[in-house]
Amino acid sequence: MAAQTGKAMLAGVIGRPVGHSLSPALHEYWLKKYGIDGAYIPLDVPEGAFNDVLKTLSLLGFRGANVTIPYKEQAFAAVSGMDEMARISGAVNTLVRQENGNFYGKNTDIPGFLENLRTGDVAPEKLRHAAILGAGGAARGIAAGLAMAGCPEITLLNRTREKAEILAQTLMEKGVSAIFHIKDWEARTEILGGIDLLVNTTQLGMLGQMPLEIDLATLPAAAAVCDIVYNPLVTPLLKDAAARGHKTVEGLGMLLHQAVPGFEAWFGVKPEVTGELHDIIAAMIAPC
Ligand code: ATR
């Protein structure tokens, strides 16, 4: 085992619970593939212990860590510097240890989402009008990312309309420039006629959750559909969209692509997201 050399470069994922995280398998795959003496460890951090754990990781010489639910906002507050995506999204999902022992914060969920779109043959900079279902943390990052990539118009629909209004307001205050439209959740079918990308950021359609009820009949033929839910890999929304001939983009790709910048910063190699990696992680989600 690489970690037993005593010299292994260390990184991990901080969350609670963290046992379900696919990130260790993903990073261990790359460590092995590139022959790197490193280890990536799931770190189940008790409530209230986040800042102490960061100090400990720094003392132990960890190169950094990913941060997942429920600590992305605490990570945002704890870092000593951050990238533009973290500033705008208010969430840090990647920590990189600096020479002085402090951690720099990145948000790689946003570039991961955009890269996943590109891999699915959807160019974010060519979009004219995207609609986002949901207004939670994921929606905030995705709205920011689409706007910053050049999508000029974004419609937000959320069960709790007020949260969509606050989201748009927050992004505008942070300097994100796009025209934001806020619509009632009940209008999700009728707004489809004028958009070229539909993104589901709610958990509707996830295994064990309620279905997402939406009729895609009026979605323009050239419009693409993306779901950030990746269990099942192909959600009912994506299945329906594909059957109607739309381009579809699976959520798993976002998870794979968001991991790239962290691995590169910690271990010094820019890893590749390959079909083989996709299939290995997909098999962990839905074992045959
Ligand atoms: P994340 O960080 O993944 O975005 P979140 O912040 O908990 O998660 O956001 C979940 C999103 O799914 C919210 O937009 C939520 O709507 P509310 O703001 O009204 O809670 C949405 N959501 C969850 N369950 C839903 C349901 N049954 N119907 C519609 N939207 C739902």
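Since the structure is predicted, the reported quantities are computational estimates derived from the model, not experimental observations. Below, all heavy atoms of this structure are taken into account, side chains as well, without hydrogens, waters or symmetry copies. Atoms within a ligand are numbered from 1 in the order they appear, just like the ligands themselves.
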Worksheet item: Does the Ser58 side chain pair with the main chain of Gly101, one donor and one acceptor, at a distance under 3.5 Å?
Response: yes
Practice prompt. May I ask which of Arg159, Met210, Arg161, Glu213 has a heavy atom nearer to atom 24 (N) of ligand 1 than the others do?
Written response: Arg159
Worksheet item: So which heavy atom in the protein is nearest atom 28 (N) of ligand 1, and how far is it from that ligand atom?
Response: Leu204 CD1, 3.5 Å
Discussion item. Starting from atom 2 (O) of ligand 1, what is the nearest protein heavy atom, named by residue and atom, and what distance separates them?
Written reply: Gly137 N, 3.4 Å
Worksheet item: Less than 4.0 Å between atom 22 (N) of ligand 1 and some protein heavy atom, yes or no?
Response: yes
Practice prompt. Specify side chain, backbone, both or neither for Lys163, according to which of its non-hydrogen atoms lie closer than 4.0 Å to ligand 1.
Written response: side chain
Discussion item. Looking at non-hydrogen atoms alone, which of Glu162, Gln203, Arg188 comes nearest to atom 11 (C) of ligand 1?
Written reply: Gln203
Discussion item. Donor-acceptor check, side chain of Arg97 to backbone of Gly64, threshold 3.5 angstrom: yes or no?
Written reply: no
Practice prompt. Examine Ala138 against ligand 1 and note whether any of their N/O atoms are separated by less than 3.5 Å.
Written response: yes
Worksheet item: Side chains of Asp215 and Thr189: do they bring a donor and an acceptor to under 3.5 Å?
Response: no
Worksheet item: Among all residues two or more places apart in sequence or in another chain, which pass the salt bridge (charged side-chain N to carboxylate O under 4.0 Å, His left out) test with Asp279?
Response: none
Fill in: N/O separation below 3.5 Å, Ala139 to ligand 1
no
Practice prompt. Assign the ring pair Phe50 / Tyr71 to parallel, tilted or perpendicular, where the plane angle (0 to 90°) is split at 30° and 60°.
Written response: parallel
Distance-only donor-acceptor hits, side chain of residues 172-183, under 3.5 Å, sequence neighbours excluded:
| unit_1 | atom_1 | unit_2 | atom_2 | d |
| --- | --- | --- | --- | --- |
| Glu173 | OE2 | Gln169 | NE2 | 3.3 |
| Lys174 | NZ | Arg87 | O | 2.8 |
| His181 | NE2 | Glu153 | OE2 | 2.7 |

Item to complete: Identify the protein heavy atom lying closest to atom 9 (O) of ligand 1, giving its residue, its atom name and the separation to 0.1 Å.
Response: Gly136 CA, 3.6 Å
Item to complete: State the atoms of ligand 1, each with its element, that fall below the 4.0 Å cut-off from a heavy-atom position in Gly134.
Response: 14 (O)
Fill in: Distance flag for atom 7 (O) of ligand 1, protein heavy atom under 4.0 Å
no
Worksheet item: Does Leu207 offer a backbone N or O that forms a donor-acceptor pair with the side chain of Asn231 under 3.5 Å?
Response: no
Discussion item. Taking the side chain as everything from C-beta on, heavy atoms only, tell me whether Val45 gets closer than 4.5 Å to Val18.
Written reply: no
Worksheet item: So is there a nitrogen or oxygen of Ala135 less than 3.5 Å from a nitrogen or oxygen in ligand 1?
Response: yes
Worksheet item: For Thr202, is at least one N or O under 3.5 Å away from an N or O on ligand 1?
Response: no
Discussion item. Under 3.5 Å, is there a donor on one side chain and an acceptor on the other for Asn200 and Asp227?
Written reply: yes
Item to complete: Could you tell me whether the side chain of Leu95 reaches within less than 4.5 Å of the side chain of Val67, counting heavy atoms only?
Response: yes
Fill in: Proximity of Leu133 to ligand 1 by residue part, where a heavy atom lies under 4.0 Å
neither
Fill in: atom 19 (O) of ligand 1: the protein heavy-atom neighbour that sits closest, reported with distance to 0.1 Å
Thr160 OG1, 2.5 Å
Discussion item. Quick one about Tyr40 and Asn66 (side-chain donor to acceptor, distance below 3.5 Å, no hydrogens or angles considered), yes or no?
Written reply: yes
Practice prompt. Report the part of Asn158 (side chain from C-beta onward, or backbone N, CA, C, O) that has a heavy atom under 4.0 Å from ligand 1; answer both or neither where that applies.
Written response: side chain
Discussion item. Please work out, at 4.0 Å between heavy atoms, whether the side chain, the backbone, both, or neither of Gln209 comes within that distance of ligand 1.
Written reply: neither
